Amino acid sequence: MTDVTDRQTQEIPTGLSRTGMTANALKAAISDHLLYSICRPAAVLTTQNYYTALALAVRDRLQGRWMPTTQTFLDLSKKVTCYLSAEFLMGPQLGNNLLNLGIEESAREALADLGQDLDAVLACEEEPGLGNGGLGRLAACYLDSLATLQRPSIGYGIRYEFGIFDQEIHEGWQIERTDNWLSSGNPWEVYKPDMNYSAGWAGHTEQYVDVAGHFRVRWVPGHVVKGVGYDTAVQGYGVPNCNTLTLWSARAIESFALEAFNTGDYYKAVEQEVTAETVTKVLYPNDEPEIGKRLRLAQQYFFVTCSLQDILRIHLEVAGRPLRELPDQWAVQLNDTHPSIAVAELMRLLVDEHHVHWDEAWDITVRTFGYTNHTLLPEALETWPLRLFDESLPRHLEIIYEINNHFLEQVRTRFPDDPDRVSRMSLIGEDGGKCVRMAHLATVGSHRINGVAALHSELLKASVLKDFYEMWPDRFGNITNGVTPRRFLALSNPGLRDLFNETIGDGWLTDLYKLRELEPYAEDPEFLKRWRAVKRANKSRLAEYVHTTTGIELDPTWMYDIQVKRIHEYKRQHLNALHIVTLYHRLKTQPGLVIPPRVFIFGGKAAPGYFMAKRIIKLITAIGATVNNDPDVNRFLRVVFLPNFNVKNAHLVYPAANLSEQISTAGKEASGTGNMKFMMNGALTVGTLDGANVEIREEAGAENFFLFGLTVEEVEQLQATGYRPADYIERNAELTAVLQLISDGTFTHGDTEILRPVLDSLVFHDPFLALADYASYIECQDRISRVWNDRDHWSKMSILNAARSGKFSSDRAIREYCDEIWNVGPMGVNL
Ligand code: 26Q
């Protein structure tokens, strides 16, 4: 580390230290940042310091793309997409940015010259866990595709100080730890203190007559916090376009604090500051019953008003456009109902603040918004108690009443003499005390409403939004989810990337349908050999990680059977567990039985307040502890619960899978996106006809998919006629034995209480019909074991799955959003 500046001036022409893409230029840039940004002498530099230095060097390189992109779209010569989402689960940034800039190898070489290993440096990154699961990760994949497809766009969300909790497993139980992701700093974000807006809360409304004699209303909030923006660059793959993710953080308003200062109450001022900043303190887990409701609404309103004010500022002040052109210049997508207060807030901004006439404001609003629904589960449909809403956002409640009056008038005209329909469709619900129905608000306030898989969109039109579909059939559509092949194939599975590139070139990275060109190679012995070698290496890589995190040893020749996703009864991790116990029971009762060896890997977090989900984790870990230590069975079975499943370790998981478990009750999983990540990486799916599984099976071919279980219609019928789990137990001796093993304490050192809640729910009151699907699931799993024994057949099926995964690229999904909902085209950027 001597003469850093000397070396830089010798080797790198002036200016290039911030832009040069060669290994030499990067090396100089890293050295430069170590000296001038990290400010530590060579003797005490850590790998973490190298990470930060390289990240800053990469950010410098993004800058030269980010500013021209921003400058170009600020003219608003093209329509801009805004993706409003309470969650963005971005995952580690360094590797992805190196890939998208095409400088992975230069960076590796630069670090090697400095005595550092790129993989070790990458491992230092703390990922921003600003999402719960699928919905948050989908938002991140969509930003990647928007940039790659050169669509100008801004993601707007919340900069939670603490993201999704870190999960530890102690004695088989989940323990939550706060996720302090900012503790080592975040080199990717740029703090924009001058980009700030006020967000009101509570208070009252006043009527007044303005100077022109117009009757008006204004909201006088009880308190106000400031939202400040932090921007992160979102670089497209192989294009100059670099878009923006803006995350809002809450601060106290100085003038409010000043008042307290002036009255001499220093501590009150500081207290206010602390209170204001709690708004963006922590991400709420889904499935968390009740608690923290008020703060959750505050978060939603806070990020929505900041985002809309930012859009209006750019539109009016930067681009100088009139308000009526808002829907021509901006498409604003609501990622589920979490940002749906935006409908009322845009109306308030237009009517109260900008004095637009109500009818014109409503026309602007509806033409601006689109709404994506991500769930049919009744308990997950957001509603807010009317009282809480009135106390928190009194002006918005008035506006919602006004929207409702206009809307219900339309309903009465369209469907005269149908009062039931009117109350079903109202924005105000009566279900368990009066409430505001956010899905209805989002639907009424949007010109397009979509579900996230073909089946889900059909069910949406037939169930929760049926009345709305009958009113406006043209507003409803489907856009099946997709995932980015850059992160989930190229970045996380470099072995497969290289094999693909050598076989068919690298066009698949931006046109995933090109993977179809791999189909003929499914018969090529040489290709099959290399395919298997890549999978084997990925399995060894995961085995090493599993060993260091859990102490469990895995054999990479075994079948890797994986279920990673949030723990939820509808996702039925316990059905998977019943299969493991079935195999355990067979091995114990049939000495000499030989079965193809499998490791069952689970990963996923349970919401801290979701009792049953936590018991399901205990069920899995208890089975694991018994199975893994029993010499009768551990020659054939291993069970791993991988702690703290997140984007970072997902990079190791998907590429190593042979079998992907997608076993939710039909009709409950809106789409699933993990299913797509597995498929791209050549895993075969065992799944129900639920969510996007239906389309995965269509694309792969029924013969390359392991189907089991009841269909949506059969589920509905069984529920209507009365589901009696006992019927299934009585008829099935193996199931009876399996339940007996769990209930008699075989996996819990004789304790018969710990797992009783899980058993009781399965046996007495299971809305997700696990036991009704048990026999079909086991039969399917037995078929899977037989196919696994025919290695060439399995590999061929696996290759065909990857080759036919093109539809599930987020590029395809984003193209559909652009064409069918947003009406936005590409924007060239000159560097
Ligand atoms: C709501 C209110 C209060 C607190 C939390 C929440 C909350 C937060 C997050 C409710 C739901 C979520 C996340 C839902 C989610 O991830 N849904 C998944 O979305 C994926 C992308 O479309 C689908 O593939 C999955 O099927 C769906 O479950």
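Throughout, numbering of the chain's residues begins at 1 and tracks the sequence. Quick caveat: nothing in here was measured; it's all calculated off a predicted structure. As the structure lists them, so they are numbered: ligands from 1, and atoms in each ligand from 1.
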Point to revise | ligand 1 atoms in contact with Tyr570 (distance to a heavy atom under 4.0 Å) | key: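 This gives 28 (O) as the contact atoms.
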Review point. Relative to each other, are the rings of Tyr570 and Phe768 parallel, tilted or perpendicular (30° and 60° limits)?
Key: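 Taking Phe768 first and then Tyr570, their aromatic rings sit tilted (interplane angle of 30° to 60°).
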Review point. According to the interplanar angle, ranging from 0 to 90°, do the rings of Phe645 and Tyr654 count as parallel (below 30°), tilted (30 to 60°) or perpendicular (above 60°)?
Key: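 It falls in the perpendicular class, over 60°.
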For ligand 1, note which part of [X] has a heavy atom under 4.0 Å away: side chain, backbone, both or neither.
{"X": "His374", "answer": "both"}
{"X": "Trp384", "answer": "neither"}
{"X": "Asn286", "answer": "both"}
{"X": "Asn481", "answer": "side chain"}
{"X": "Pro285", "answer": "backbone"}

Point to revise | Side-chain donor-acceptor pair present, Ser145, Asp811, cut-off under 3.5 Å | key: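 Yes, because at least one side-chain N or O of Ser145 sits under 3.5 Å from a partner of the opposite role on Asp811.
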Review point. Just by distance, with hydrogens left out, do Asn693 and Asn675 show a side-chain donor and acceptor under 3.5 Å apart?
Key: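 Checked: Asn693/Asn675 side chains pair up, N/O donor to acceptor below 3.5 Å.
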Any nitrogen or oxygen of [X], side chain or backbone, less than 3.5 Å from one on ligand 1?
{"X": "Leu135", "value": "yes"}
{"X": "Val452", "value": "no"}
{"X": "Tyr284", "value": "no"}

Practice item. Check whether NZ of the Lys or CZ of the Arg Arg296 lies under 6.0 Å from the centre of the six-membered ring of Tyr284 and within 45 degrees of that ring's axis. Key: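 Negative - Arg296 is either too far from the ring of Tyr284 or too far off its axis.
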Check your understanding: Aromatic ring centroids of Trp822 and Tyr817 under 6.0 Å?
Key ->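 Between Trp822 and Tyr817, the centre distance is under 6.0 Å.
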Is there a heavy atom in [X] that sits closer than 4.0 Å to ligand 1?
{"X": "Arg566", "value": "no"}
{"X": "Gly672", "value": "yes"}
{"X": "His338", "value": "yes"}

Review point. Which residue, Val343, Thr443, Asn404, forms the side chain to side chain contact (heavy atoms under 4.5 Å, CB included) with Leu427?
Key: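 Of the listed residues Val343, Thr443, Asn404, the side chain to side chain contact (heavy atoms under 4.5 Å, CB included) partner of Leu427 is Asn404.
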Review point. Closest non-hydrogen protein atom to atom 6 (C) of ligand 1, residue and atom name please, with distance?
Key: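 Going atom by atom, the protein heavy atom closest to atom 6 (C) of ligand 1 ends up being Arg296 NH2, 3.5 Å.
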Check your understanding: Is it true that atom CZ of Arg424 has more than 12 heavy atoms of other residues, nucleotides or ligands lying nearer than 6.0 Å?
Key ->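 Yes - once you tally the heavy atoms of other residues, nucleotides and ligands closer than 6.0 Å, there are more than 12.
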